[in-house]
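Data block below; observations after.
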Amino acid sequence: MSWGFLRDLLSGVNKYSTGVGRIWVAFVFMFRLLVYVAAAENIWKYDHDEFECNIKQPGCENVCFDHFFPVSHTRLWALQLIMVSTPSLLVVFHVAYRENREKHHNQKLYRNPGEIDGGLLCTYLISLILKIGFEIVFLVLFYKLYNGFKIPHLVKCDIRPCPNTVDCYISKPTEKMIFLYFLVATSCLCIILNLSELSYLIFKYSLKCYLKRYKKKQQ
């Protein structure tokens with residue numbers, strides 16, 4: 001899978017982000033995207049082929065694997081990375097709209113089209129809320145699908161066509177567990193960064209409005 005489009009998206013958004021937002025972009029690129037592409041994807045590459053049950057009943061291994069891993073970890077992580085990054089497109093589109101509006105009117109309508117104020121501030125806040133929402137939804141989804149954030153060494157399966165309860169073994173469970181904890185931890189840290197940026201922007205805007213009202217009263 002090519003991740004060039006996501007890299008370009010994150011690079012473009014970086015121009016319009018706050019300081020905390022730039023940390024989030026760097027964090028997503030370095031500790032999530034690169035780790036996923038370089039290591040995690042390879043660890044789960046042959047997950048189905050290396051899943052073994054102590055019985056050779058035709059179809060038994062397939063239904064057991066599907067029961068315990070209804071969605072591939074790597075595909076779910078890939079979807080999570082895409083979903084938490086795409087809300088940034090709202091900011092890029094809004095800035096592009098401002099620039100096109102200036103070209104259409106052939107005059108300077110904004111001090112800086114990429115400055116986070118007015119309507120762009122609302123768009124930026126919405127993008128942050130969407131990022132936080134997607135992160136939480138995927139964490140809950142992971143927890144529900146896999147019965148917690150753990151990779152067992154052994155699972156017991158009694159689903160037809162298995163004739164009885166059989167033992168099935170997951171390959172490299174310890175290695176997978178380490179990466180699972182790492183990716184969950186980075187997801188939680190991204191939520192904290194987004195919440196920090198959201199709080200910072202709301203506080204900054206509230207302070208700005210308060211100072212404007214205070215000046216008007218003084219006048």
Side-chain angles (χ1 to χ4, degrees), residues 1-3 5-7 10 23-87 129-196:
M1 182 177 182
S2 175
W3 291 96
F5 78 99
L6 193 58
R7 179 200 60 209
L10 294 174
I23 294 173
W24 177 86
V25 171
F27 194 83
V28 169
F29 184 74
M30 293 296 296
F31 294 100
R32 297 183 75 174
L33 185 57
L34 289 183
V35 167
Y36 173 85
V37 173
E41 197 171 26
N42 291 325
I43 293 173
W44 273 270
K45 190 172 184 179
Y46 303 105
D47 203 29
H48 185 273
D49 296 335
E50 295 173 349
F51 183 82
E52 294 182 354
C53 297
N54 62 355
I55 192 171
K56 296 303 177 184
Q57 177 73 22
C60 181
E61 284 188 2
N62 286 334
V63 297
C64 290
F65 183 84
D66 184 65
H67 175 73
F68 290 106
F69 301 99
V71 182
S72 169
H73 280 80
T74 53
R75 289 187 179 92
L76 205 55
W77 278 323
L79 184 60
Q80 181 184 19
L81 277 171
I82 292 169
M83 294 301 290
V84 299
S85 301
T86 47
I129 293 168
L130 288 174
K131 288 176 189 177
I132 295 167
F134 283 134
E135 293 280 15
I136 294 172
V137 165
F138 275 96
L139 284 176
V140 172
L141 191 59
F142 267 106
Y143 190 87
K144 293 290 185 182
L145 282 175
Y146 306 116
N147 296 317
F149 302 114
K150 60 184 184 295
I151 306 289
H153 292 70
L154 168 71
V155 291
K156 294 186 178 292
C157 180
D158 57 356
I159 304 171
R160 295 188 64 182
C162 300
N164 49 44
T165 301
V166 297
D167 294 335
C168 297
Y169 302 91
I170 299 170
S171 64
K172 298 177 285 189
T174 305
E175 189 175 15
K176 289 175 181 176
M177 182 84 76
I178 292 170
F179 275 94
L180 178 62
Y181 285 158
F182 176 81
L183 289 167
V184 169
T186 54
S187 183
C188 291
L189 190 52
C190 281
I191 292 173
I192 293 171
L193 287 172
N194 286 324
L195 283 171
S196 300

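Computed over heavy atoms, backbone and side chain alike; hydrogens, waters and symmetry mates excluded.
- Among residues at least two apart or in separate chains, salt bridge (charged side-chain N to carboxylate O under 4.0 Å, His left out) pairs with a member in residues 176-194 are Asp47-Lys176.
- Sorted by first then second residue, the salt bridge (charged side-chain N to carboxylate O under 4.0 Å, His left out) pairs that include residues 184-195, not counting sequence neighbours, number zero.
- Looking at Leu130 and Thr86, their side chains never come closer than 4.5 Å, going by heavy atoms from C-beta outward.
- If you take CG on Leu139 and SG on Cys188, they are separated by 5.0 Å, rounding to the nearest 0.5 Å.
- Note that the CD1 atom of Ile151 and the CD1 atom of Ile178 stand 11.5 Å from one another [nearest 0.5 Å].
- Listed by chain and residue number, Cys64 satisfy the disulfide bond (SG atoms under 2.5 Å apart) test with Cys157 (two or more places apart in sequence, or in another chain).
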| request: Assess whether ring-ring contact (aromatic ring centres under 6.0 Å, His included) is satisfied between Trp77 and Phe138, documenting all intermediate values. | output: CA-CA 9 Å; Trp77 278 323; Phe138 275 96; over 10 Å; no

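- Looking at residues two or more places apart in sequence or on another chain, you find a side-chain hydrogen bond (donor to acceptor under 3.5 Å, both in side chains) between Ser187 and Gln80, Glu135.
- Rounding to the nearest 0.5 Å gives a distance of 9.0 Å between CD1 of Ile23 and OG of Ser196.
- Residue pairs meeting the ring-ring contact (aromatic ring centres under 6.0 Å, His included) criterion with at least one member in residues 50-69, sequence neighbours excluded: His48-Phe65, Phe51-Phe65, Phe65-Phe69, Phe69-His73.
- SG distance check for Cys60 and Cys162: under 2.5 Å.
- Sorted by first and then second residue, the salt bridge (charged side-chain N to carboxylate O under 4.0 Å, His left out) pairs involving residues 141-165 (not counting sequence neighbours) are Lys156-Asp167.
- Inter-residue side-chain proximity for Pro173 and Leu154 is flagged as unmet; no heavy-atom pair is nearer than 4.5 Å.
- Looking at Leu183 and Phe142, their side chains never come closer than 4.5 Å, going by heavy atoms from C-beta outward.
- Heavy-atom neighbours of Tyr143 OH from other residues, nucleotides or ligands within 6.0 Å: at or below the threshold of 12.
- Here Val137 pairs with nothing under the side-chain contact (heavy atoms from CB on, under 4.5 Å) rule; sequence neighbours left out.
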| request: Determine, stepwise, if the pair Phe134 / Asn194 fulfils side-chain contact (heavy atoms from CB on, under 4.5 Å). | output: CA-CA 12 Å; Phe134 283 134; Asn194 286 324; over 6 Å; no

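- Between His153 and Thr174, some side-chain heavy-atom pair lies under the 4.5 Å cut-off.
- Pro152 places a side-chain heavy atom less than 4.5 Å from the side chain of Ile170.
- For the atom pair CZ (Phe149) and CE (Met177), the distance works out to 12.0 Å, reported to the nearest 0.5 Å.
- Screening residues 57-81 for salt bridge (charged side-chain N to carboxylate O under 4.0 Å, His left out), with sequence neighbours left out, gives no hits.
- Residues satisfying the ring-ring contact (aromatic ring centres under 6.0 Å, His included) test with Phe182, not counting sequence neighbours, are none.
- Applying the side-chain hydrogen bond (donor to acceptor under 3.5 Å, both in side chains) test to Ser72 and every residue at least two apart in sequence or in another chain returns Thr74.
- Note: Leu76 CG to Leu81 CG = 10.5 Å, rounded to the nearest 0.5 Å.
- Legend: residues meeting ring-ring contact (aromatic ring centres under 6.0 Å, His included) with Tyr181, ordered by chain and number and at least two apart, are absent.
- Taking the side-chain contact (heavy atoms from CB on, under 4.5 Å) definition, one finds that Pro161 meets it with Val63, sequence neighbours left out.
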